[in-house]
J.: 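Here it is, the structure in full.
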Amino acid sequence: MKLGDVLILSLALAFIIIGIHQALTVGITGSYTIFMMAVALLFWFQLRKTKRSEQTKKQEPIKKTKRKN
């Protein structure tokens, strides 16, 4: 996991905690935007993760098997 991924996950967790606090004090309508920002960050993290795994699959060489004669 790279530094950018750690930062994105940390921000998402912070927004979730802030959203829960706002939901308890103000109400769910006041914290909706904060929860949506957390969800957007989680989607962004997942996108980065899948793109990185696709790139590593493309870079791996195809292994040749030896034939027995």
J.: Less than 4.0 angstrom from a charged side-chain N to a carboxylate O is my criterion; do D5 and K49 meet it?
T.: no

J.: To the nearest 0.5 Å, tell me how far F45 CZ sits from L11 CG.
T.: 13.0 Å

J.: Is L24 linked to I16 within one hydrophobic cluster, defined over Ile, Leu, Val, Met, Phe, Trp and Tyr using a side-chain heavy-atom separation of less than 4.5 Å?
T.: yes

J.: To the nearest 0.5 Å, what is the distance between CD on E54 and OG1 on T50?
T.: 5.5 Å

J.: If Ile, Leu, Val, Met, Phe, Trp and Tyr residues are connected whenever their side-chain heavy atoms lie under 4.5 Å apart, and connections chain through other members, are M1 and L7 in the same group?
T.: no

J.: Nearest heavy-atom pair of G19 and F35: which atoms, and what distance?
T.: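 Reported closest heavy-atom pair: C-CZ, 3.4 Å.
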
J.: So how far is it from I17 CD1 to Q22 CD, rounded to the nearest 0.5 Å?
T.: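 Reported to 0.5 Å precision, the distance equals 13.0 Å.
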
J.: Mind checking whether L13 and L9 have side chains closer than 4.5 Å, heavy atoms only?
T.: no

J.: With a 4.5 Å cut-off on side-chain heavy-atom distances among I, L, V, M, F, W and Y, is there a chain of contacts connecting V6 to I8?
T.: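 Hydrophobic grouping puts V6 with I8.
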
J.: Any side-chain heavy-atom pair from H21 and T25 closer than 4.5 angstrom?
T.: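 In contact.
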
J.: Can M36 be reached from L41 by stepping across I, L, V, M, F, W or Y side chains whose heavy atoms are under 4.5 Å apart?
T.: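 In one cluster with L41: M36, no.
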
J.: How about V39 and F15: do any of their side-chain heavy atoms sit closer than 4.5 Å?
T.: no

J.: Supply the atom-to-atom distance I20 CD1 to S31 OG, rounded to the nearest 0.5 angstrom.
T.: 9.0 Å

